[in-house]
Amino acid sequence: MNKVEQALLTDSHIDDAILTNTLESMMGRQVDFADLYFQSSKHESWMLEDGIVKEGSYNMERGVGVRAISGEKTGFAYSDDISPQALQQAADAAKGIAENGQGGQVQAFKRQSPIKIYQAIEPLASLTQEQKIALLHEVEAHARQLDSRVSQVIVSLSGVYEKILVAASDGTYGTDIRPLVRLNCSVLVEENGKRERASAGGGARTDYSYFFELENTKARYLTYAEEAVRQALVNLVAVEAPAGSFPVVLGAGWPGVLLHEAVGHGLEGDFNRKGSSTFSGKVGSKVCSELCTIVDDGTMANRRGSLSIDDEGTPGQYNVLIEKGILKGYMQDKHNASLMGVNSTGNGRRESYAHLPMPRMTNTYMLAGESSPEDIIKSVKKGIYAPNFAGGQVDITSGKFVFTSSEAYLIENGEITTPVKGATLIGSGPEAMKNVSMVGNDLKLDAGVGVCGKDGQSVPVGVGQPTLKINEMTIGGTQ
Amino acid sequence: MTTASKINDPLIEQMGEVKERVAKVLELAKTLGADGAEVAMSRQQGLSVGTRLGEVENVEFTNDGALGITVYQQGRKGSASTADLSEKALSQAVEAAVNIAKYTSVDDCSGLADKTLLAMQSKDLDLYHPKALTTEQAIDIAKACEQSALESDQRISNSDGASLDCFSGFKVYGNSHDQLVAYPSSRHSLSCVVIAGSDDDMQRDYAYDVNRDFSLLDSGVDIGQKAAHEVISRLHPQKLSTMKVPVLFRADIANTLWGHFIAAISGGNLYRKSSFLLEALGEIVFPEFLSIQERPHIPKALASSAFDSEGVATQDRDIITDGALQTYLLTSYSARKLGLTTTGHAGGIHNWLVSTNNAQHSGDFDAMLKTLGTGLLVTELMGQGVNVVNGDYSRGAAGFWVENGEIAYPVSEITIAGKLQDMFKGIIAVGSDIDMHGSIRTGSVLIEEMQVAGQ
């Protein structure tokens with residue numbers, strides 16, 4: 001018996017027999033699959049502003065979600081009370097989608113021990129309260145001493161400790177402990193009545209010691225302050241961005257948001273089962289420039305988007321989505337995979353026990369190419385270099401996607417010149433990806449800040465890419 | 001709803017029990033040494049069904065509850081929340097909040113709202129209209145809605161389905177100023193998403209309605225037909241060339257503009273000097289024909305509330321009169337930071353009505369198209385390209401090209417950009433085609449000129 005079973009089952013007087021009986025009570029002639037998802041989480045956050053620690057909060061969540069699947073139909077109910085009675089009530093409600101069966105076959109549980117991609121640690125206790133407060137103050141002090149134009153600093157720290165347990169009628173039985181930490185620094189800079197705000201931060205599936213590790217001889221938490229101040233000062237002197245179609249060079253790392261929006265969502269199994277994605281029915285076809293190989297990788301050690309097992313108990317995987325421009329496959333959860341006659345790819349994720357799982361991304365990135373970043377910039381006569389973005393959005397049916405730059409520069413005659421203000425870039429996913437004409441040798445993942453929203457559910461994700469050039473995109477400036 | 005029906009309603013009975021629990025939690029906070037405390041607890045239950053291509057897709061039974069507590073101890077603040085409402089978890093939450101308040105800093109501006117501003121009684125705003133539907137009835141309603149969309153045009157090629165959601169619940173709020181108030185509410189919505197076209201020219205669009213009272217929802221047939229009409233009208237879009245043109249924001253999209261205005265006059269952004277409307281009180285922000293009123297007590301309205309999330313009584317307010325800013329939107333914290341009094345906006349706004357005092361600057365949708373003449377009608381916006389610190393605005397857009405007051409063809413993959421302060425002053429007209437789906441009741445908004453980027 002492990003810690004997760006103790007906390008989620010034993011303490012609530014639930015044993016294997018109850019799990020099996022509950023699942024059996026749902027399975028019948030018309031229910032092909034049922035699963036139970038137990039979860040408990042602790043979450044804390046601290047916020048410093050105006051030089052004082054203004055807010056601290058602690059959140060607890062605990063509950064069980066019960067799902068029954070019959071063909072394309074899903075019945076779902078949940079309870080914030082984990083008890084044998086509440087479990088049976090939820091099961092009775094969830095199985096209501098199908099005619100009552102006689103009680104069906106449930107496979108014996110196969111307790112799996114997948115490779116741990118992150119450690120089962122409790123991040124909230126990894127620093128004392130005093131140390132957390134001191135960390136916030138140090139980030140602030142560092143940001144303020146970097147430049148006298150820094151007029152405000154907001155620093156926030158958060159940690160999550162989550163336990164999950166999945167038991168399913170197909171014999172799946174898995175547990176996971178998922179730590180997640182995040183530190184963020186936001187600054188306001190002021191000069192001659194002009195103000196700009198910028199923020200930077202990072203995080204990982206580990207504990208707070210992550211922020212004290214060295215990155216290029218400097219503790220990580222200091223680099224966040226430096227990055228926020230640097231970006232804000234760049235924007236203080238930024239001029240209006242141009243309007244129209246231009247070549248665009250995207251920086252390495254976080255600009256991988258491009259792949260998340262332009263390609264990633266459109267390759268999620270649910271949309272493709274329904275035929276509602278611009279990528280539907282295109283497995284085996286060329287959908288990108290042959291320079292592009294794009295993967296979704298849940299197996300990267302300690303990464304924000306990584307999963308030892310997904311929320312259906314399937315181990316996290318390295319999935320090649322697009323290889324040299326050719327579409328290889330979609331990201332799947334169990335339900336969509338079985339309807340499409342393939343296997344789950346370990347992408348079944350849910351925000352919590354109170355939400356249904358869906359195919360979702362983990363860490364999505366493009367593999368490195370052969371060009372040097374310098375050569376990529378040199379190849380552009382007039383265009384935009386965008387190393388940082390605020391976020392993006394996609395319409396998976398039409399393929400139109402946007403993302404908004406938070407740091408960008410003009411490229412003039414092969415050189416990076418004037419900084420330009422944040423602007424929205426818009427394109428069509430398949431078209432933009434066919435227009436990728438150079439891919440850098442400098443693959444980088446983001447710092448661990450990504451949140452992806454779909455159907456009202458948020459999950460942590462990662463993105464990454466090398467520097468790359470798109471021959472033409474529409475830039476929404478004002479000039 | 002009669003008072004008699006309330007008595008036998010288990011949800012109303014539960015609300016009474018929860019009020020007692022909130023009082024106990026406040027008592028516990030006091031025992032643990034808090035000199036001030038506030039507790040909010042909500043409970044929501046409901047049924048969501050989704051159908052797609054005539055078949056049931058999802059049946060979800062929702063049942064959510066949460067409790068949040070904030071304690072104050074000699075100017076220090078600590079918060080905790082829990083979705084586990086067992087007695088043990090509630091005690092743990094109070095202990096956690098009190099513990100946190102040992103480590104946060106003394107902040108002169110923090111604390112409960114002033115007692116004189118609180119709503120000591122709730123008000124019946126007619127927000128509670130629970131609807132007991134069987135799963136089968138709910139499925140039939142969603143199916144009929146989707147079927148109406150699928151049947152209305154042969155070019156509808158696929159569907160993302162229809163869904164019906166019926167929720168009812170209550171909120172309880174109490175604090176150590178002896179305030180203990182509660183109210184029940186309901187919310188029902190019916191929506192439909194359909195797809196038209198194929199391969200590289202596929203479009204999706206949707207239609208929906210939402211109401212406190214189920215019997216006032218638009219019919220599923222109407223919603224389905226509207227969704228079908230929307231998506232068909234988007235087929236075969238073109239890109240525009242890069243140019244400066246007048247832009248008409250359709251009423252359901254125009255509320256986003258007011259949303260940016262709300263952010264710009266919200267206390268949190270003002271005291272952080274993170275707004276392009278600092279020191280704007282009394283100043284002309286919009287054209288003189290434009291006014292905005294806030295009416296928190298409209299019966300059955302979606303953003304009606306007798307008190308805000310700090311228990312402060314809400315009241316009718318003028319936000320904009322003849323183009324001039326009449327008030328900021330403050331919580332008790334941001335008000336203290338700014339040396340002002342809270343306006344009861346903790347948790348957001350309460351029913352805004354956008355109006356014009358001059359018929360020349362208004363008209364129905366067709367009249368607005370005529371006033372636009374030749375330019376862009378925006379029906380969809382994408383992305384987050386709005387900077388409230390300096391007013392920079394740049395978003396992805398889709399809609400229609402309009403020539404001489406008539407819709408000519410759909411457009412997509414373009415951006416529109418400008419500065420919010422210029423866009424606000426550049427409003428030429430606000431339509432009488434009021435969108436009633438949200439907390440802001442506005443007609444379509446015509447802006448004199450914006451930068452469009454395309455080919």
Side-chain angles (χ1 to χ4, degrees), chain A residues 52-63 72-81 93-94 96-97 129-130 133 151-152 188 190 195-197 241 243-245 274-276 278 354 356 390-393 395 397-398 400 402-404 421-424 426-428 430 474-478, chain B residues 52 55-65 77-86 89 92-93 96-97 100 103-107 110 135 158 160 195 200 202-204 242 272-274 382-385 387 389-390 392 394-396 398 412-418 451-455:
Chain A
I52 59 174
V53 179
K54 277 189 186 173
E55 314 242 348
S57 71
Y58 179 77
N59 176 273
M60 297 176 288
E61 217 176 323
R62 188 179 152 81
E72 299 199 4
K73 295 183 220 171
T74 303
F76 181 56
Y78 56 87
S79 167
D80 55 27
D81 171 26
I97 44 153
Q129 307 290 57
E130 287 85 356
I133 306 290
S151 63
Q152 264 179 44
L188 185 79
E190 259 184 283
R195 293 183 188 85
E196 286 290 345
R197 187 172 273 294
S245 269
K274 296 173 187 173
S276 63
T278 186
L356 273 171
Q393 191 185 337
D395 173 337
T397 301
S398 69
K400 302 291 180 272
V402 295
F403 55 151
T404 303
K421 288 187 164 197
T424 290
I426 190 163
S428 157
T474 299
I475 304 190
T478 53
Chain B
R52 180 173 171 267
E55 298 289 334
V56 181
E57 194 167 52
N58 288 323
V59 175
E60 294 188 39
F61 300 91
T62 59
N63 187 5
D64 298 289
K77 178 179 169 186
S79 306
S81 64
T82 174
D84 174 357
L85 301 178
S86 64
Q92 277 175 356
I100 285 167
Y103 297 95
T104 51
S105 319
V106 173
D107 184 347
S110 79
T135 310
N158 200 344
D160 233 2
I195 292 170
D200 289 338
M202 232 172 16
Q203 298 291 331
R204 71 163 57 218
T242 300
R272 293 185 177 106
K273 292 199 165 45
S274 297
M382 288 178 85
Q384 305 87 8
N387 184 338
V389 179
N390 56 26
D392 287 345
S394 165
R395 298 190 73 184
S412 78
E413 210 182 322
I414 54 171
T415 60
I416 54 172
Q451 177 72 53
V452 169
Q455 277 165 350

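Here the structure is a predicted model, which means the values were calculated and not measured. Numbers restart at 1 for each chain; the letters A, B, ... are given by sequence-line order, proteins then strands.
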message: Just verifying a value: how many Å separate B:Arg272 CZ and A:Leu188 CG, rounded to the nearest 0.5 Å?
response: 10.5 Å
task: Say whether, by atom type as modelled, one donor and one acceptor occur between the side chain of A:Thr74 and the main chain of B:Val59 under 3.5 angstrom.
output: no
message: Looking at chain A, which one of B:Gly383, B:Gly65, B:Ala89, B:Gly454 has the largest number of heavy-atom pairs inside 4.5 Å, strictly under?
response: B:Gly454
query: If we only count heavy atoms from C-beta on, is the B:Lys273 to A:Ser151 side-chain gap below 4.5 Å?
result: no
statement: dist A:Glu196:CD -> B:Asp392:CG (nearest 0.5 Å) comes out at 7.0 Å
Heavy-atom proximity to chain A below 4.5 Å, by part of B:Asp107: both
field: Exercise: identify the closest heavy-atom pair between A:Ala354 and B:Asp64
entry: CB-OD1, 4.2 Å
- request: Just give me the residue among A:Ala93, A:Gly75, A:Pro430 that pairs up with chain B most often, heavy atom to heavy atom, under 4.5 Å.
  value: A:Ala93
- prompt: Looking at B:Gln92, B:Gln451, B:Arg204, which makes the most heavy-atom pairs under 4.5 Å with chain A?
  reply: B:Arg204
field: Note, B:Ser110 side chain near A:Lys54 side chain (heavy atom, < 4.5 Å)
entry: no
query: Which answer fits B:Thr242, side chain, backbone, both or neither, if we ask what part of it has an atom under 4.5 Å from a heavy atom of chain A?
result: side chain
query: With a 4.5 angstrom heavy-atom cut-off, which part of A:Leu356 approaches chain B: side chain, backbone, both or neither?
result: side chain
- prompt: Mind checking whether A:Glu72 and B:Arg52 have side chains closer than 4.5 Å, heavy atoms only?
  reply: yes
- request: Name the member of A:Gly422, A:Gly392, A:Ala241 that forms the most heavy-atom pairs with chain B at distances under 4.5 Å.
  value: A:Gly392
message: Within the supplied structure, the quantity of interest is the number of heavy atoms (other residues, nucleotides, ligands) at a distance under 6.0 Å from B:Gln455 CD; does it exceed 12?
response: yes
Flag, side chain of A:Tyr58 to backbone of B:Ala93, donor-acceptor distance under 3.5 Å: no
message: Any non-hydrogen side-chain atom of B:Thr62 less than 4.5 Å from a side-chain atom of A:Phe76?
response: no
query: If you round to the nearest 0.5 Å, how far is OG1 of A:Thr424 from CD of B:Gln384?
result: 8.0 Å
message: Using side-chain heavy atoms (C-beta onward) and a distance below 4.5 Å, is A:Met60 in contact with B:Asp84?
response: no
query: Where do A:Ile426 and B:Ile414 come nearest, in terms of heavy atoms and distance?
result: CD1-O, 3.4 Å
- request: Calculate, to the nearest 0.5 Å, the distance between atoms OG and CD belonging to B:Ser274 and A:Gln152 respectively.
  value: 5.5 Å
message: Between A:Gly427, A:Gly63, A:Ala423, who has the most heavy-atom pairs with chain B when the cutoff is under 4.5 Å?
response: A:Gly427
query: Checking heavy atoms, do the side chain of B:Thr104, its backbone, both or neither come under 4.5 Å from chain A?
result: both
Closest approach of A:Ser276 to B:Ile195 (non-hydrogen atoms, all atoms of both residues): CB-CD1, 3.2 Å
message: To check you understand the geometry: which heavy-atom pair defines the closest contact between A:Tyr78 and B:Phe61, and what is its length?
response: CE2-O, 3.6 Å
Side-chain donor or acceptor of B:Ser394 paired with backbone N/O of A:Gly476 under 3.5 Å: yes
message: Once rounded to the nearest 0.5 Å, what's the spacing between atom NZ of A:Lys400 and atom CD of B:Gln203?
response: 7.0 Å
message: Is B:Asn58 close to chain A through its backbone or its side chain, or both, or neither, when contacts mean heavy atoms under 4.5 Å?
response: both
query: Which heavy-atom pair separates B:Asp160 from A:Lys274 by the least distance, and what is that distance?
result: OD1-CD, 3.7 Å
field: Contact class of B:Val389 relative to chain A, heavy atoms under 4.5 angstrom
entry: side chain
- request: Report the distance from atom OG1 of A:Thr404 to atom CE of B:Met382, rounding to the nearest 0.5 Å.
  value: 10.0 Å
query: Do B:Lys77 and A:Glu55 come within less than 4.5 Å of each other through their side chains, counting heavy atoms only?
result: yes
